[in-house]
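Chain naming here is simple, since letters A, B, ... match the order of the sequence lines and numbering starts at 1 in each.
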Amino acid sequence: MNPLDEFTRRLTRRAFFKTTGLAAGRIALATLMLPELLRGAPSDRGRAHPGLPGLPHFKPRARRLIYLFMNGAPSQLDLWDYKPRLQELYDTDLPDSVRQGQRLTTMTSGQKRFPVAPSVFRFAQHGRSGIWVSELLPWTARVVDDLCVIKTVHTEAINHDPAATYLLTGSQIPGRPSLGAWISYGLGSEADDLPAFVVMTPRWSSKRDAQALYQRLWGAGFLPAKHQGVALRSVGDPVLFLNNPDGVDAATRRHMLDGLAQLNQIAYERQGDPEIQTRIAQYEMAFRLQSSIPELTDLSGEPQSVLDLYGPEVAVPGTFAASCLLARRLVERGVRVVQILHREWDTHENLPRDLSLQCRDIDRACYGLITDLKQRGLLEDTLVVWGGEFGRTVYCQGELSRTNYGRDHHPRCFTMWMAGGGVRGGLVHGETDDFSYNIVRDPVHIRDLNATILHCLGIDHRRLTYRFQGLDQRLTGTEEARVIHGILS
Amino acid sequence: MDTVDWTLFLGRWHPVLVHLPIGLVLGLLFLEIVAALRPRKAVVRAAAGPLLILLVPSTLAAALCGWLLAGAGGYDAELLRLHRLTGLAVAALTVLMAVAHAFRRSGWYRFLLVVCALALVPAGHYGGSLTHGRDYLARHAPSWLKPLLGGRTGAGPATGPAPLDPAAFDLYQHGIQPVFDRYCISCHGSEKAKGGLRLDHAAGLWIGGDSGPAIEPGRPEASLLLKRMRLPLDHDEHMPPEGKPQPDPADLELLAWWIAQGAPTNRTLAELTPPAHLLERLRALPAPTGSAPASNAPQPPSAQTPDPSRMPGPEQIHAELDRPGVAIAALAATEPWLQVNAAPAGARFDDAALERLIALCGPRIRWLDLGGTAVTDAGLRHLRGAPHLERLRLDRTRVTDAGLAELRGLTELTSLNLYGTAVTETGVAGLLRLPRLQHLYLWKTEVTSDAVARLLAQAADPTGAQDRTAAAAGTRSLSIELGPPTGGVEPVAGVPINTICPVSDKLADPKRTLWHEDRLVAFCCDDCRETFRREPTRFTARLAQLAQPPPGQLAQPPSNPLCPVSGRPARKDITVAHDGRLVAFCSEACRDRFAAGPGAFLARLASGD
């Protein structure tokens, strides 16, 4: 039975007069004492994504976020964390003093040996800052002076599902809002005809089947559902069923939506279910997307010089390069958070082949994105974050040879980079040991990373809360999280 | 029809009504004391009855009016909470007292009376602090009494003038704000904001209060602040009010001079020199004692937030502007600054809309995004009403050099985006005098890279009196962003189009290459190369998947038929990249010679093509 119906049925006339009579007087006195009650909520006047009052908590450094999530965990040893001494340790066992009892996944727990596998890729120093980057990322290396490379991110989770959930929603247990949803809830968005939080899931080149992505990684959890990420499809129409069916023109559609909104409003007044408000808002947003999405995905106005920045794949919809270009167009139009989830970095075997293919997908596009944002002056107030959910082990998984090896999951240290709004460029934060196994200096837990991202956007992570299940829930959870001031400009 | 704000009207009766319960409670206490000492107790005690009948309603009325007055705002939150708690306690106790007296429980009555009288002390004290400031009693008390009265010890000015360092002496922070601190903020500060005016931080001056902005930068004679301060002392509207300490005429002159300079908040004495007598006055000021930070510093979350009901909030401004697509938000919740983004409105946002926006909230705008809007040079004139702009985006608008001249007054501008406009070097050169400008975006304009070099040189080595300010500030470092050089990619020797061997799917060796259909293909080993050479069609599909052609000319095969070093026919697979294209050689020895010193062979290369 509908609990709302039960509730209304229990309210007899006698009970009504008993409880409500006095309450009416109380309400009258309350409105006299607290005149704000009578003023009512300020009308949004057509603002599709108003933020919370009282935010930003302090002057922000960045107004937008582009999150490039490398699902599957890219190998930090073969991309960013240069450990030349490992070449001498080829095929030696990983010492227990280094491993310190770190738990193994079931994929390697049956191995008798854990031989060290040095990277086959050459590293070189790049830019004025002299950051070491491997040969797999030649284009990203060109913009390394704008990047802040954090080598000491760490987490507790050791498998993809809990780790990705942990990184993007703040807890290994599902059910919580994602980073983008929190930002949409707190700051709203500046574009009225595009969602506040857009997600893209491009295809990948590695020759493996990928880990699945889940809607909860960009979901709204217990926040109102309109804060969830809107996923643009990578193949075909970016948004399904956006176009009017045959015989229905825009005016008819508008008329229908107005009527539908009225019906929904009546239902809301009867039942008080906040999800009805979400639904009204989503129908309205879908109507606006009908005009804004075709304009967004129409690349005919982009000059060839700009398309060349992203590489040749940019014209192919559904690739990472195309997603990066769309991301730039989205933030230009005022979208608050754009998240691109690129899959299949999970190189358990055939790492040299698969990692090369993966890097080819993203390398030129990352260069293109940073350069394009910079030349338009968007980089100074857009924060770009790149990284996976954990790192990879220094020991080989499977057969080790001079030209081929694989790596297992490694949560104790991995590399992410940030660029743009408020982050110092050309900086390396933190240091790992010679095996890229443990952190020597400046650990950054993923909670700290999330706190720093919120800080760059002008949000104090302790004060952006939502009361749910009796707790003032926040993105960084109940445990302590610090903002990494050392990387902020 | 007159709309009466009853909360405000009734609320203001609180100071009138509240003294009645105070007097009556103390009177009742006095009666009890007298009754204890005199023989005719009953008569004395009977007088309590009528007094209580007067006391209870007046206490409740005073409490109600006080509650309404608190709702009107403008009071320090912490003090208000304490005063409210203790005041309510007094009201509750008076009611209980009356009940005890009615039931003839004299023991209870006397106990409650004493407690009520004791509760009056903090309630009254907090109430007085709310109106007159926390250190009202303590300010002029002897120092041994100060701590008891809640005064701030050692809050007096530091002894003697410190040696004046012109570069460190911020004119506003250390010269002007202390004047306000001394004479004004007891009524126009964070605890109390009479008339809606706050003078404890810079933004309060141009936001002003109920009567409008307090100052007009550049026009001291039109500034309301100075007008009120210069009125005769017995004039009703003279500020500070009669009975409060009055500022020195030299202070007024200092204020006038500062306003005439445009009321800058970020200049030091090194940059602006006041007349000699004012300089003496500044030297005589006490050294800065770490007073309230300038409004730009992020305020920690505290009870002293400016009352949002006093200033039109972003939603109200948005409603009054009534243009779709303009996003107005606070820059930070505790500060009055705004960020405005009109870019989503696009062509619907024109000069008229800009004029309306500036009229509504110009002085409060810090970040303004007009990218892609229909704003023109004429509209930029209105930006004079937004002197505190920090970031301005005018990209992809029809702005030209003429419009840039209007931006010269934006002294606090740090970032200006002009990409995609028709501006040229001359227009931009005029902006270099802006002392705070750090980022300039000129992609897709008429400004060339040579022009940028000239502009940077000019910015670094200024000539002329006005540019001394930038040199003296020493902190400005201008960066001009033009976008990456078109077609200019660093030459990389013989770049193959793939990193994975199309035959074996293993990592390719860039030295084992083959030219196929004018593209350089790499293989992992010689066997794969041979396999591909014999049957290329088997692998072209896979190659197409793996190929990533290098940009520009490097993808083209070398065009010289003869080796520039030896003159013999050149082989296409021994190449080096030079000046953006590939040059072929007959042997690797020749290639190494060329790479060591290309200059000697360029002539032969040019003639050989």
Side-chain angles (χ1 to χ4, degrees), chain A residues 32-36 42-47 49-51 53-60 63 120 135-136 138 142 187-194 205 207 303 305 308-309 311-313 332-334 352-353 356-357 359-360 364 371-372 374-381 403-404 458 460 463, chain B residues 6-7 64 67-68 71-72 296 298-299 301 308-309 313 315-316 318-319 322 324-325 327 329-335 337 339 341 343-344 366-367 369 371-372 391 393 395 415-417 419-420 439 441 443-444 481-484 486-487 490 492 499-500 505-507 545-549 551:
Chain A
L32 200 59
M33 299 281 193
L34 300 163
E36 308 86 78
S43 71
D44 303 330
R45 280 294 194 106
R47 284 288 307 276
H49 305 286
L55 262 85
H57 294 127
F58 41 83
K59 187 170 170 185
R63 282 155 61 182
V120 294
E135 59 175 324
L136 287 175
R142 295 226 174 109
L187 295 176
S189 175
E190 289 171 353
D192 282 336
D193 53 359
L194 283 168
S205 293
K207 298 168 73 165
S305 59
D308 285 341
L309 286 176
E313 286 182 334
E332 236 181 347
R333 283 151 181 76
R353 175 195 74 190
S356 315
L357 291 168
C359 285
R360 256 203 44 240
R364 185 84 180 263
T371 312
D372 203 7
K374 197 166 170 188
Q375 69 191 8
R376 288 167 205 265
L378 289 169
L379 192 62
E380 72 175 357
D381 50 11
T403 52
N404 202 13
D460 182 348
R463 287 165 59 195
Chain B
W6 285 100
T7 45
L64 186 66
W67 198 290
L68 294 177
N296 286 357
Q299 303 275 4
S309 63
E315 299 88 16
Q316 282 161 273
H318 191 270
D322 203 16
L331 193 56
T334 50
E335 294 170 23
W337 305 113
Q339 50 175 320
N341 186 356
R366 270 302 211 195
W367 294 354
D369 191 342
R391 293 192 195 172
R393 293 185 61 114
D395 47 289
S415 163
L416 178 61
N417 194 326
Y419 97 77
H439 304 287
Y441 297 93
W443 178 54
K444 280 186 12 179
E481 184 62 45
L482 262 191
T486 49
E490 297 99 67
V492 180
T499 48
I500 306 288
D505 271 338
K506 297 217 194 83
L507 203 58
Q545 284 180 320
L546 298 171
Q548 188 176 354

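- Taking CG of B:D395 as the reference point, atom CD of A:Q375 lies at 11.5 Å (rounded to 0.5 Å).
- Judged by distance alone, with hydrogens and angles left aside, the side-chain atoms of B:R391 form no donor-acceptor pair with the main-chain N or O of A:D381 at under 3.5 Å.
- For the residue pair A:K59 and B:A332, the shortest heavy atom distance occurs at N-CB, 3.5 Å.
- Both the backbone and the side chain of A:E380 have a heavy atom closer than 4.5 Å to some heavy atom of chain B.
- In this structure, the portion of B:N417 lying under 4.5 Å from any heavy atom of chain A is its side chain and not its backbone.
- Ranked by heavy-atom pairs under 4.5 Å with chain B, the first of A:R376, A:R63, A:R333 is A:R376.
- Taking B:S415, B:A329, B:A343, B:G325 one by one and counting their heavy-atom pairs under 4.5 Å with chain A, the maximum is reached by B:S415.
- Neither the backbone nor the side chain of A:L187 comes within contact range of chain B; no heavy atom of the residue lies under 4.5 Å from a heavy atom of that chain.
- Heavy-atom minimum distance, B:Q339 versus A:P56: NE2-CG, 4.2 Å.
- Heavy atoms of A:L379 lying under 4.5 Å from chain B are absent altogether.
- Side-chain contact between B:L331 and A:P60 is present, with at least one heavy-atom pair separated by less than 4.5 Å.
- Scanning all heavy atoms of the two residues, the minimum distance from B:A333 to A:G54 falls at CB-O, 3.0 Å.
- Comparing A:D193, A:L55, A:L378 by how many heavy-atom pairs each has under 4.5 Å with chain B, the most go to A:L378.
- Using a 4.5 Å cut-off between heavy atoms, A:P303 touches chain B through its side chain atoms alone.
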